**Student:** 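Questions regarding the structure given below will be posed in turn.
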Amino acid sequence: MNILRDTTPTSHTAAPPNTSTPGVVFSAPALTGPEVSERFPYGIQGLIREQAQRTPDRIACADDGRTLTYREVELASDALAAALLESTGGGGAAVAVHLAKSVDVTVALLGVLKAGCWYVPIALGEPDERVTQMLEDTEAAAVVTACPDDPATPFLGMPALAVPTPPPSTDVRPLMPVPADQPAYVLFTSGSTGTPKGVMVGGEALCNRLAWMRRAYPLGEHDVVLQKTPCTFDVSGWEIFLPLITGARCQYLAEGGQRDPRELTAAMRRHRVTVCHFVPSMLAESLADPVLVRACSSLRLVFCSGEALPAGLAARFQRAIAADLVNLYGPTEAAIDVTHWPVPNPLPSHQPVLIGRPIDNTDLYVLDHQGRSVPTGEQGELWIGGTPVALGYAGRPEATAAAFADLDGERRYRTGDLVRVVGGELEYLGRIDDQLKVRGVRIEPAEIENALCRHPAVGQAVVVPRNSANGDLELAAVVAPARTPSHEHPTAPELRTFLAHHLPRAHLPAMVHWIDAIPLTRSGKADRARLRDTVSRRADPGTAPCTDPLASRPDEETLTDRWWSLLGPPPACGAEIGFVTLGGHSLTAVRLLAWCQTRFGVEVPLRMLLDDDASLAELATFLDAAGVTTGMTTEATKGITA
Amino acid sequence: MATLDRTTAATGLDVEIAPGKPALLRVTETVRPEHAADWIADRRTELDDLVLRHGAVLVRGLGIRDAATLRRAGERLTTLLAPEREAFARRQQLGADVVSSLEWPADQPMCMHHELSHALEFPRLLVIGCFTAPEKGGVTGVADAQRVLAELPAPLVERFVREGWTLTRSYNNLVGLSWKEAFNAADRTTAEEYCRANGITAEWQADGRLRTHQRRSAVIHHPITGARCWFNQVGFLSEWNLDPAVRAFMLGQFGPDGLPFTTSYGDGEPLDAETVGIIADVYESATLREPWQVGDLFLVDNIRMAHSREPFVGERTLGLIFGDPVRLADCTPGYPPPTTNP
């Protein structure tokens with residue numbers, strides 16, 4: 001099957017040698033990881049089989065309701081592989097996996113690999129249009145789903161398979177050898193041209209990453225790894241597979257639980273988790289919760305990746321939790337992570353947090369804009385070479401050619417990340433483009449901008465980051481109306497609803513700001529720096545040319561979300577109906593207003609909701625007034641919630 | 001893998017004991033709901049024994065699905081206790097002597113606690129029926145208070161044994177029950193009389209709010225087995241169990257002494273988040289859980305076992321009977337109960 005449409009049908013290596021970056025000359029890598037010559041003839045499934053034969057009756061993975069032993073995982077995935085071989089006509093195809101987080105995911109991913117296929121995880125709730133695009137790009141031949149008899153719309157017409165329950169104990173089936181350039185998975189990530197790109201990662205790259213981690217950070221049979229990350233993100237790869245090649249247990253957190261401190265607390269306590277991953281912004285949130293911190297007493301090893309790890313946060317972690325902290329770095333285009341830095345404990349006060357040194361069989365290059373190596377200590381763009389590099393973007397030869405270079409028969413990936421080498425280790429300095437990370441999710445503003453411009457009332461759109469009231473990064477969309485003045489401005493909630501048909505939830509801007517025209521820099525590009533200022537919290541958002549008093553408020557849509565998530569689905573004209581009339585009671589009021597206080601730094605009297613039966617619109621008006629007159633700042637909010 | 005409890009097998013009731021789960025008694029013969037009470041009456045002694053041995057027994061297969069059937073079953077097992085006093089959240093009356101579980105947001109867990117362990121009289125037996133099972137979650141977890149006592153750090157236990165624990169409530173008219181509801185009192189005098197009779201210090205605030213303190217024993221002896229049990233709401237009603245944002249907001253609204261409830265050491269010294277966390281950890285490691293099925297009947301020794309409620313999705317209706325009233329004074333409390341003149 002030809003996934004990279006410009007390659008020969010039997011090969012999955014990347015696009016033709018890059019000719020669009022003239023002058024790129026690779027001199028010696030700036031840093032080189034350990035050379036390890038381990039081979040993986042049977043892929044990750046081979047490593048798991050070895051472990052399963054050692055510990056067949058040990059629990060391999062568990063979720064809230066079920067546990068599977070190593071033998072059960074093997075038998076169930078064997079059964080799924082057999083079914084997939086049949087429905088894909090002998091394997092060698094992409095298979096979509098559309099499942100809630102559970103032990104089924106382990107069985108599904110492993111079954112897909114055993115069938116000589118590669119998996120394409122698709123998040124539940126992903127917009128149909130996006131799913132259809134993913135299936136097209138990857139030429140997925142089948143889907144593994146919880147409801148094969150009634151699959152979601154985009155999967156109609158495809159062979160649909162359920163995850164089998166472990167069959168009664170029989171012998172495991174022999175594994176098929178895995179070709180060296182066979183993909184293992186395709187993960188979609190935000191694309192700067194406006195559509196997501198499916199990163200196709202080879203089995204060898206995945207095995208190299210997992211084998212490295214097993215050696216560098218050994219796990220044992222007493223370890224419990226919390227499976228927190230949605231499997232549409234590459235971190236889930238080690239959360240799911242590392243325990244399975246070390247005899248440890250993979251404990252699934254319920255869908256969405258990674259965002260809920262109470263779910264996390266319960267999971268930590270109940271399962272005595274020893275190893276887990278945090279995106280730094282989530283780690284910061286977790287450390288603010290003393291009950292959760294207390295529940296983390298069983299942790300011994302914590303990995304961070306997905307965003308820059310601030311030194312202050314690392315130090316706070318070390319004071320609060322008696323576990324080792326490791327900072328990892330790697331783009332989706334290079335098998336999960338390519339560098340690691342065990343954070344020294346205690347972190348010296350002047351010491352910046354680094355991303356560290358390369359993992360096995362990894363070459364890192366730090367180049368200037370002409371593709372020349374920069375002197376040690378100077379900043380440049382990071383290029384990655386060696387085993388970890390992905391095969392390319394599924395079905396997108398141009399994007400592949402733009403981001404990957406083939407030189408001397410070796411594929412290298414251009415990260416867009418600025419770094420420098422400090423004492424043999426890498427320090428991350430930022431991005432060379434507009435790419436953002438919002439709570440660990442990689443976002444190309446252009447993708448959202450393109451989606452916004454599909455709305456008939458929108459002429460131009462620019463998406464910039466800003467600090468939310470609690471200090472996190474959030475997205476703000478600045479939109480200028482289309483030239484034909486026939487359309488009224490859609491409200492912020494309307495635009496968000498429109499976007500939700502095209503984009504995943506993490507891509508939806510928290511704020512929409514209307515402007516007459518997008519300001520330009522002298523070179524004629526959108527002046528993003530100025531727009532960042534426009535939407536920053538210091539600015540008065542009341543100047544937006546918007547007739548709807550609610551939509552002009554930057555945080556209205558999130559307040560609305562919160563209100564209805566606590567009070568149930570909105571009736572007609574719901575924003576005008578009082579809190580108590582809607583069935584709200586005192587505990588609901590406390591939770592809503594505690595959230596308002598954290599979010600906006602404004603304390604709203606309980607009486608307003610409980611005695612005066614204020615509506616959503618009245619609450620918004622009150623917050624508006626308080627925000628303007630008290631001038632509550634982010635700092636003030638922090639002071640209250642600290 | 002569940003194993004059969006051979007000792008009870010001899011009495012004719014086969015109980016399944018599986019790690020992490022409460023004892024489960026499957027009723028294998030067909031019993032029509034209208035005959036459930038008779039079935040229970042015929043086996044009352046065996047059921048009593050099972051509850052005493054295991055602390056809690058889930059009886060599955062009697063198909064008790066409404067308050068009237070539950071009440072008929074309950075009265076064959078136990079003496080019914082008068083309606084709840086000193087509640088901290090509302091219940092609905094589902095029928096005579098049968099109340100709903102506490103009204104509490106479905107997505108918020110309710111931590112381990114014993115019914116009325118802050119009162120001078122409390123039920124020994126809880127008879128709980130599942131009329132509607134939630135789609136997801138909503139397990140009533142149980143934890144053995146003897147085991148919890150054994151696993152808590154010794155210095156912590158010693159101090160609580162010596163001093164008892166103190167519950168401080170502040171009644172406002174916005175959050176939580178009003179004092180009129182809590183004390184079933186129409187006026188201040190009646191409320192004050194209740195407090196006097198029940199060892200509760202009541203202080204009226206200038207703004208009309210009522211603040212109360214009650215000091216109770218944290219460890220008591222089981223009235224039948226004599227075993228020592230960790231029996232209190234120190235963890236459950238602690239302010240450190242609140243979501244940090246909610247706690248901060250409530251302190252802002254009601255002032256530093258104005259939280260609707262919180263707990264402290266007997267002498268009034270505040271607890272810290274860590275101590276409350278330790279208690280929660282120990283409870284968690286001792287928790288037994290089995291998801292509800294419609295028609296389940298759960299018999300829980302309220303002194304031997306703490307219980308919790310996990311978050312749930314969907315509809316969940318439980319009927320609850322408080323049975324077998326016991327006075328604190330009859331449980332050789334570690335910290336002596338207040339002398340009262342009822």
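Sequence lines set the chain letters: A, B, ... in the order given, protein chains first and strands last, and positions in each chain run from 1. These numbers were taken from a predicted model, which means no experiment stands behind them.
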**Student:** Report the option among R270(A), R272(A), H585(A), E263(A) that has the most heavy-atom pairs separated by less than 4.5 Å from atoms of chain B.
**Tutor:** R270(A)

**Student:** Counting heavy-atom pairs under 4.5 Å to chain A, which of E103(B), E310(B), R247(B), Q253(B) comes out on top?
**Tutor:**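 Maximum pair count with chain A is reached by Q253(B).
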
**Student:** For N241(B), which atoms come within 4.5 Å of any heavy atom of chain A: side chain, backbone, both, or neither?
**Tutor:**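 Just the backbone, heavy atoms under 4.5 Å.
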
**Student:** Between the side chains of D57(A) and T69(A), does any donor sit under 3.5 Å from an acceptor?
**Tutor:**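 No pair is found: no donor N or O on one side chain lies under 3.5 Å from an acceptor on the other.
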
**Student:** Pick one of side chain, backbone, both or neither for V604(A), based on which atoms fall under 4.5 Å of a heavy atom in chain B.
**Tutor:**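 Backbone only.
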
**Student:** For D613(A) and F579(A), indicate whether the former's side chain and the latter's backbone hold a donor-acceptor pair under 3.5 Å.
**Tutor:** yes

**Student:** Given R90(B) and L102(B), is the side chain to side chain contact (heavy atoms under 4.5 Å, CB included) satisfied, shown in steps?
**Tutor:** CA-CA 6 Å; R90(B) 289 188 186 93; L102(B) 287 174; over 6 Å; no

**Student:** Side chain from CB out, backbone as N, CA, C, O: work out which of these in S297(A) comes under 4.5 Å of a heavy atom of chain B, or both, or neither.
**Tutor:**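 Interface part for S297(A): side chain.
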
**Student:** How about R66(A): does its CZ atom have over 12 heavy atoms from other parts shown lying under 6.0 Å from it?
**Tutor:**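 Counting neighbours around CZ of R66(A), more than 12 heavy atoms of other residues, nucleotides or ligands fall under 6.0 Å, so yes.
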
**Student:** Step through it carefully: locate the ring centre of W595(A), locate the ring centre of F249(B), and say whether they are under 6.0 Å apart.
**Tutor:**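 They do not qualify: ring centres at least 6.0 Å apart.
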
**Student:** Select all residues of residues 273-290 of chain B having any heavy atom within less than 4.5 Å of some heavy atom of chain A, and report them by number, or 'none'.
**Tutor:**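 Near chain A, by residue number: A273(B), E274(B), G277(B), I278(B), A280(B), D281(B), E284(B), R289(B).
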
**Student:** Look at V293(A), L609(A), L593(A), L566(A) and state which one has the largest set of heavy-atom pairs under 4.5 Å with chain B.
**Tutor:** L593(A)

**Student:** For N173(B), is there any backbone N or O sitting under 3.5 Å from a side-chain donor or acceptor partner on S178(B)?
**Tutor:**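 Not at all, since once roles are kept as given, no pair shorter than 3.5 Å links the two residues.
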
**Student:** Counting C-beta onward and ignoring hydrogens, is there a side-chain heavy-atom pair between H307(B) and E115(B) closer than 4.5 Å?
**Tutor:**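 Of all side-chain heavy-atom pairs linking E115(B) with H307(B), at least one is under 4.5 Å.
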
**Student:** Under the side-chain hydrogen bond (donor to acceptor under 3.5 Å, both in side chains) criterion, do T262(B) and E239(B) qualify, and how do the steps go?
**Tutor:** CA-CA 5 Å; T262(B) 192; E239(B) 64 194 86; 2.8 Å; yes

**Student:** Look at the side chain of S238(B) and the backbone N and O of G235(B), then say whether any donor-acceptor pair between them is shorter than 3.5 Å.
**Tutor:** no

